[in-house]
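Let me begin by presenting the structure, written as structure tokens, before commenting on it.
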Protein chains: 2
Amino acid sequence: MPLKADLDAIDWKILRELQHDGRMTNVELSGRVGISAPPCLRRIRRLEETGIIRGYRALLNAPALGLDVVAFCLIGLHHQADAELKTFAERTRGWPIVRDAWMVSGESDFLLHCVASDLGAFQTFVIEELASAPNVDTVRTALTIRRVKDEGLVAFSEVRP
Amino acid sequence: MPLKADLDAIDWKILRELQHDGRMTNVELSGRVGISAPPCLRRIRRLEETGIIRGYRALLNAPALGLDVVAFCLIGLHHQADAELKTFAERTRGWPIVRDAWMVSGESDFLLHCVASDLGAFQTFVIEELASAPNVDTVRTALTIRRVKDEGLVAFSEVRP
DNA sequence: CGCTTCACGCAAGAATCTTTCGTGATTTTG
DNA sequence: CAAAATCACGAAAGATTCTTGCGTGAAGCG
């Protein structure tokens with residue numbers, strides 16, 4: 001699956017544009033990348049089918065929705081055997097407060113990106129769910145103050161052909 | 001700006017659907033949320049204009065694009081006065097490897113979400129750019145092994161009216 | 001009770017999407 | 001080297017979707 005695809009300059013332009021505005025119409029996009037609409041649509045489909053484009057997502061304004069707390073949690077487990085790692089990973093999927101979760105190497109075993117309506121809800125989650133979950137050793141939390149950069153996943157100045 | 005909006009159940013359904021598939025057509029979306037296309041489009045526009053929907057983004061498959069390293073960096077500064085924080089925040093915007101950055105409270109001052117083509121590129125960045133940047137005290141890195149959860153920003157079971 | 005306000009949905013015109021097909025450039029093959 | 005095959009582009013057309021302009025009915029208010 002993670003086979004390296006061979007993308008030309010137009011494909012990279014398409015990816016950059018769709019990463020910036022995922023709802024751009026195909027005609028608008030085709031104009032920006034310098035080809036006509038049909039081949040542009042074919043390229044989009046190909047990028048989707050090969051899994052290079054994993055999907056599209058609306059970005060929401062958390063504070064405006066009453067979600068005032070964004071935090072990251074670094075989790076250390078007592079035992080890091082494969083089964084234990086999978087068990088904890090599965091557990092994160094049942095916690096709605098956890099939006100993204102990564103298994104990491106280093107001082108911690110997992111990094112959790114959390115969103116909660118307020119500090120009380122977040123603390124309740126940390127104390128009653130996270131820290132009291134089986135096999136959890138350490139929980140370090142970092143409350144976010146504000147986002148200072150917000151780009152897409154891929155920077156093109158580093159990877160473009 | 002972060003004024004709390006009053007959204008009804010249909011608005012929440014729209015947000016949930018667009019967070020799951022940001023490129024869904026308006027007619028498809030209107031069918032899913034149970035209203036006709038015109039009022040559905042008007043709701044989308046309103047959510048966009050009020051800033052509740054911040055934008056749309058294509059999600060890319062980093063490994064397929066030759067980006068094999070995703071890591072998080074926790075940065076501690078020597079001095080945390082407002083000017084120094086702003087200076088470092090500004091600096092993160094000039095680093096293409098840094099995709100998202102948060103100012104945080106806790107043991108560290110910033111959390112950086114980084115993507116690089118390989119370990120060498122990442123280590124070069126950490127040593128030559130990050131750790132040697134002015135005012136940087138500590139750099140702790142967590143290399144990601146795999147993503148174990150990947151939802152949108154907002155969980156609706158926690159906040160829906 | 002009557003007025004205002006608001007959001008819905010129908011309908012129609014504009015824009016877009018999507019397919020089909022012919023052309024030219026590049027590559028492969030004999 | 002020439003012929004065949006492959007590939008992607010772009011024009012054109014039909015299907016779908018977007019977008020606007022009303023008309024209607026339900027709530028809120030004087």
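Treat the numbers as computed from the prediction; the structure is a model and nothing was measured. Hydrogens, waters and symmetry mates play no part in the numbers below; they use all other heavy atoms, side chains included. In the text below, chain A, chain B and the rest are named by the order of the sequence lines, each starting its count at 1.
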Whole-Å gap separating C1' (dA27(D)) and CG (D6(B))
15 Å
Which residues within residues 29-37 of chain B lie with some heavy atom under 4.0 Å of an atom in DNA chain D?
none
Under 4.5 Å between any side-chain heavy atoms of F88(B) and V148(A), yes or no?
no
Grab the CD1-C1' distance between I10(A) and dC7(D) for me, whole Å please.
14 Å
Please examine the side chains of L7(A) and L47(A), heavy atoms only from C-beta on, and report whether any two atoms are closer than 4.5 Å.
yes
R43(B) side chain N/O closer than 4.0 Å to the phosphate oxygens (OP1, OP2) of dC8(C)?
yes
Rounded interatomic separation in angstrom, taking CG from L41(A) and P from dT16(D)
15 Å
Between E28(B) and R32(B) (salt bridge meaning N to carboxylate O under 4.0 Å), is one present in this structure?
yes
Separation of dC6(C) C1' from D11(B) CG (nearest whole Å)
14 Å
Interatomic distance where CD belongs to E28(A) and C1' belongs to dA15(C) [whole Å]
13 Å
When rounded to whole Å, the CZ to P distance for the pair R23(A) and dA15(C) reads 19 Å
Give a yes or no on whether a salt bridge exists between E49(B) and R46(B), defined as a side-chain N under 4.0 angstrom from a carboxylate O.
no
Where the side chain of P38(B) is defined as all heavy atoms beyond and including C-beta, which of dG21(D), dT17(D), dA11(D) is the nearest nucleotide?
dG21(D)
Just so I know, are the side chains of E48(B) and Y56(B) near enough to count as touching, which here means a heavy-atom distance under 4.5 Å?
yes
Residue from R93(A), R99(A), R54(A) passing side chain to side chain donor-acceptor pair (under 3.5 Å) with D150(B):
R54(A)
If you measure only the distance, is there a donor-acceptor pair under 3.5 Å linking the side chains of N135(A) and E84(A)?
no
From the set dC9(D), dC8(C), dC18(D), return the single nucleotide nearest to any side-chain atom of P39(B).
dC8(C)
Min side-chain heavy-atom separation F122(A)-T141(A) under 4.5 Å
yes
What's the angle between the local helix axes at either end of the helix from dC1(C)-dG30(D) to dG30(C)-dC1(D), using five pairs per end and rounding to 10 degrees?
30°
Can you measure N26(A) atom CG to dA15(C) atom C1' for me and round it to whole angstrom units?
13 Å
Does a side-chain heavy-atom distance below 4.5 Å link L77(A) with D137(A)?
no
V27(A) side chain, from C-beta outward: closest of dA11(D), dT16(C), dC10(C):
dT16(C)
Rounded to whole angstroms, how far apart are CE on M24(B) and P on dT16(D)?
19 Å
Do any side-chain nitrogens or oxygens of R42(A) fall under 4.0 Å of OP1 or OP2 in dG10(D)?
no
